[in-house]
Amino acid sequence: MSDKKTFYITTPIYYPSDNLHIGHAYTTVAADTMARYKKMRGFDTYFLTGSDEHGQKIQRRAHAAGKQPQEFVNEIIINFKHLWRVLEIDNDDFIRTTDEHHIRICQELFQKIYDQGDIYKSEYTGWYCTDCETFFTELQVGEGHVCPDCGRAVETMKEESYFFRMNKYADRWLQFMTDNPDFIRPESRRNEMINFVRQGLEDLCVSRTTFDWGIPVPFDQKHVIYVWFDALINYISALKGQGDGSLYEKFWPADVHLVGKDIIRFHTIIWPIMLMALDLPLPECVLGHGWVLIDSDKMSKSKGNVIDPIYLCEKYGVEAVRYFLMREMGYGLDCNYSEELLGRRINNDLANDYGNLLSRTTGMIEKFQGSVIEPPVEPTEFDAELIAMAKAIPEKFGRLMDKMEWANALSELWKLVNKANKYIDDAAPWALNKAGQQGKLSSVLYNMAEVLRFVTIMAAPVMPGLPKRVWRQLGIAEQTQLHTWESLEWGRLPAGTKISRGEPLFPRIDLAALAAEAKPEAPEAPAAPAMEPIAPTCTIDDFARLDLRVVKVLACEKVANTDKLLKFTLELGTEQRTVLSGIAEFYQPDELLGKNLVLIANLQPVKIRGIESQGMLLSAMEGKKLRVIEAPDMPSGAKIS
RNA sequence: GGCGGUGUAGCUCAGCGGUUAGAGCACUCGGCUCAUACCCGGGGUGUCGCUGGUUCAAUUCCAGCCACCGCUACCA
């Protein structure tokens, strides 16, 4: 049994309803960087990521694709794993919430909390969108009581549910946060969470009956366990479910749960309280990072601005992408992504500063010393300052890495790169060579190579594929004892080493060409926001289940006290229909009088604001624009097929 | 509405009760030539959001205002 210090870090388990984007890549790269760094510092590390595969959305997506949920997610998980391979993610385990051991442990823990009385049966009442089959809060539905997703009216609904007695633990939670001020980071998020809990905690609804793609509640098979309860358990089940349980003994509690800022509350309130109820130790800290914004805007499928990390890696190389992410995102802040920003980072930091430093170092050793690193026999007046800085950097860099301030750590490290470039200009080895000052020349070239060794070791957790290329060029590929954190002692690089000059590490990006290539999209193409992806194939029979009819608008009025609802009286052949539609933001009530529109005539009626809506009008929506579908010159009642 | 935060060079941000307010990028001039048209050096603009207050002294503390942002539970 090792007595090394341990380090357990996790990412969220991602939801396989779609492929992952650059934001997910950020979280996972950050966790991977941290795990590699800790490993290098001698920690026994465990790095967990995975997938959160249950829930209604998956079930619906699978159904739409004509697949079983398990089959559906299996295919997406392949893409997840492929992405992590491309990004050089070295995780120790990949947990899936459909893994047998996860399901078993999740049920055990749910049962335990139930047995001790902290889960009880009651009734959940909320605003419900039948269309989206989703509950919403008062705040989410707003005054108009419309679905925040689809804009249709919602209704109140009751559901028998199990509730988790969160409120019971509120005081204990607050005390814990007082005693552990670094548990929630950054501090701004901590304050938000504390403020939230101070306003009082309600018990959490932790079971669902409206769908069945989930882990069954062990003592009541009508219910499945709420996806967040299910998902959060992964951090423990992954350890407990493996082998003899020694992983759990060794690594729990986790040192860091790395999460995006959007899911901080689940990780800092619900999860700790679950652990309190289970009488298990809490993790050391939850770090909520910002988002990767695209042109200062949130990434989203509907905006069509989702960035695929695999494309970036293929185009720019994985090391560059990882460096960009880790360098660009400030602690707790959002960062911007654009291809130009990425290109600038690559050119300035990686190509010009770092890559070129290696290039000029190997270039001169090759040219002036027959490719051999000679011993530093005669120092120049510039050596002391450079060496002092190199010696001081590991401590500074390490302190920032320990605090997970990756961007600052890299910024600190690059000060040494810049210093080395300046050192070369000051010492001017080409002049020393010309003057025949071999002693000084060999010192300068030695120092340059040694700085490169230092920087490369420290940069390795961020760019894990980089060192072997550099070691090969510096001629120390085989000497692994020179690649470690412990070897960051100035002067370990052995004289007599034969270097082998190679290709540039990071070719410069032609930014002008990049800009030119981006331009052609601008003209006329009316800012085509990439359209929504086409839904999975359906059969003619699927379509035939819908009965679409032409209807004529006989009357239309605004529904009182709502912002979005219009009430239509429609002529459908010989009958009349009353239909509500959430389009009041787009049409005045009298605008549509007499027009022929398209109605889903066999949609199950639903009561909204006390009015029964007998169908649904079709409309097209793009961004903030909406137009109803018209069917001019056709009599009402005509069937659409 | 409630609570909290931010507002500093063209951009991203650092900073701080007290000498001429900083970094990187962008821009520009000069130098060098080992190097990936690279590196090194010089240069400039900032009413440090607005208005008051405390102080010998505020960009830095306090108040008000304006602007922007975050949180305000059961959506993964």
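Each chain gets a letter, A, B and so on, in the order its sequence line appears, and its residues count up from 1.
N195(A) has its CG atom 11 Å from the P atom of G5(B), to the nearest Å. In this structure, the CG atom of N433(A) is 18 Å from the P atom of C32(B), given to the nearest Å.
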Stepwise ring-ring contact (aromatic ring centres under 6.0 Å, His included) test for F72(A) and W213(A): CA-CA 12 Å; F72(A) 178 81; W213(A) 178 238; 10.0 Å; no

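Nucleic acid contact class of D52(A) (heavy atoms, under 4.0 Å, all strands): sugar-phosphate only. Across all strands, G55(A) comes closer than 4.0 Å to no nucleic acid atom at all (heavy-atom distances). No engagement by A231(A) is indicated, since no non-hydrogen atom pair under 4.0 Å with the nucleic acid exists. Contact annotation for G200(A): base contact, defined as any heavy-atom pair under 4.0 Å involving a base atom. Note on K261(A): nothing from the nucleic acid sits closer than 4.0 angstrom, heavy atoms only.
Using a 4.0 Å cut-off, some side-chain N or O of K422(A) falls inside it from OP1 or OP2 of G41(B). For the pair K419(A) and C40(B), the criterion of a side-chain N or O lying under 4.0 Å from OP1 or OP2 is not met. One finds a side-chain N or O of R265(A) lying less than 4.0 angstrom from the OP1 or OP2 phosphate oxygen of U72(B). A close approach under 4.0 Å does occur between a side-chain nitrogen or oxygen of N352(A) and OP1 or OP2 of C39(B). Between R198(A) and G2(B) there is no side-chain polar atom (N or O) within less than 4.0 angstrom of OP1 or OP2.
For R189(A), the side-chain atoms get nearest to C71(B) when compared with the rest of A26(B), A35(B), C71(B).
Under the 4.0 Å criterion applied to side-chain N and carboxylate O atoms, K298(A) and D334(A) are not assigned as salt-bridge partners. One finds a salt bridge joining K419(A) and E385(A) here, because a Lys/Arg side-chain nitrogen approaches an Asp/Glu carboxylate oxygen to under 4.0 Å.
Comparing A351(A) and Y124(A), the nucleotide of RNA chain B nearest to each residue sits closer to the 5' end for A351(A).
C34(B) is unpaired under the criterion used here, namely a Watson-Crick or G-U wobble arrangement in which both key atom distances are under 3.5 Å.
Between H21(A) and Y337(A), the ring center distance fails the sub-6.0 Å criterion.
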